[in-house]
Amino acid sequence: MKLATWNVNGMKARLEFMRLWLADRAPDVVGLQELKLTDDSFPHDAFAELGYRALTHGQKSWNGVAVLSRLPMEAVQVGLPGQEAFGSRLLTVRIDDGSADGLQFTTVYCPNGKTLEHADYPAKLAWFDSLAEHLETALEPSSILCGDFNIVPDPLDSWMGTDGEGRLFHTAAERARLSRINDLGLADLFRHRNPDTQAFSWWDYRGGAFHRKQGLRIDLVLGTADLAARVTEAGTDRDYRKKQEGLTASDHAPVIVELDG
DNA sequence: ATGTCCACTAGGAGTGGA
């Protein structure tokens with residue numbers, strides 16, 4: 001089974017690009033972030049043509065998450081309890097993967113924080129606290145939590161290396177929130193499979209960051225132990241951060257994880 | 001180089017966000 005997460009930076013702007021990627025990579029389940037559209041305007045027909053059903057939690061202009069799946073699924077949780085005012089940022093579904101209980105699949109678009117001085121920064125930390133509290137009761141033996149976390153887990157995951165320490169995305173306070181989530185029994189599946197590899201998932205559009213190799217790994221696929229044991233491959237789909245057939249890419253690359261069975 | 005891209009409001013180019 002092939003799972004992926006992708007911050008598409010605008011569904012309307014990215015639809016044709018996404019078609020190319022889906023046809024090429026053929027993932028089974030994809031968590032999408034930053035749709036920037038309402039549920040009413042989600043292009044279900046375009047994905048149905050490619051064999052995917054979608055469940056969505058959108059909003060006008062900003063944020064918005066969805067899950068695409070070739071397997072049957074149903075919505076379990078729409079929005080992070082207590083944090084609804086911070087935008088549409090969480091969606092949990094149950095995927096019918098043939099197992100008795102199914103696969104619980106959550107995708108998140110975590111707050112950016114803007115700057116260390118901005119009110120959104122402590123609000124980001126509080127949002128993560130709410131996420132951890134929610135997961136304490138919601139997690140199951142087979143759970144995936146994927147999305148744009150807007151946190152760099154380790155200096156290896158930043159183009160700045162240790163020089164980035166303490167900056168936004170790189171603070172001890174943010175990492176403490178990520179650690180709390182990991183401590184619930186969720187492993188970073190890319191890092192689990194590739195202990196020493198540097199592979200970024202986001203590069204700023206500005207300043208030629210992609211070609212300068214100035215990226216960050218902030219898009220993560222976390223999984224419970226039984227899923228971590230099944231990982232056969234995990235990587236960033238860096239080619240799809242590049243223009244394809246004249247179509248503009250998102251500033252995030254997809255992250256793909258393959259499980260046996 | 002804060003050098004790009006997206007969505008919105010407008011009915012063209014500026015604004016805010018990442």
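Naming convention: chains lettered A, B, ... in sequence-line order (proteins, then strands); numbering from 1 in each chain. Note: hydrogens, waters and symmetry copies are ignored here, and every other heavy atom, side chains too, is used.
Regarding R212(A), its CZ atom lies at a distance of 12 Å from the P atom of dT4(B), rounded to whole Å. Separating the CZ atom of F17(A) from the P atom of dC5(B) is a distance of 13 Å, rounded to the nearest angstrom. Per the geometry, CG belonging to D251(A) stands 8 Å off C1' belonging to dC5(B), to the nearest Å. When the P atom of dG17(B) is taken as reference, atom CG of D120(A) falls 9 Å away, rounded to whole Å. Taking atom CH2 on W203(A) and atom P on dC5(B), their separation rounds to 16 Å, with Å as the unit. In this structure, Q33(A) places its CD atom 14 Å from C1' of dA18(B), rounding to the nearest Å. For the pair Y205(A) OH and dG16(B) C1', the computed distance is 16 Å after rounding to whole Å. Between N7(A) atom CG and dC6(B) atom C1' the separation is 11 Å, expressed in whole Å.
By the 30° and 60° cut-offs, the orientation of the rings of Y240(A) relative to W21(A) is perpendicular.
For the residue pair N150(A) and Y109(A), no side-chain donor N or O sits within less than 3.5 Å of a side-chain acceptor on the partner.
A search for ring pair (Phe, Tyr, Trp, His ring centres under 6.0 Å) contacts involving H118(A) returns nothing, not counting sequence neighbours.
Alongside V76(A), the hydrophobic cluster contains no other residue (criterion: ILVMFWY side chains under 4.5 Å).
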Using salt bridge (Lys or Arg N to Asp or Glu O under 4.0 Å), reason through D101(A) and R94(A) one step at a time and then give a plain yes or no. CA-CA 9 Å; D101(A) 297 326; R94(A) 179 174 314 286; over 6 Å; no
Could I get a table of every N or O pair under 3.5 Å where one atom is in the protein and the other is in nucleotides 7-9 of chain B?
{"unit_1": "dT9(B)", "atom_1": "OP1", "unit_2": "K60(A)", "atom_2": "NZ", "d": "3.1"}

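The cationic group of R19(A) does not satisfy the cation-pi geometry with F17(A), failing either the under 6.0 Å distance to the six-membered ring centre or the 45° limit from the ring axis.
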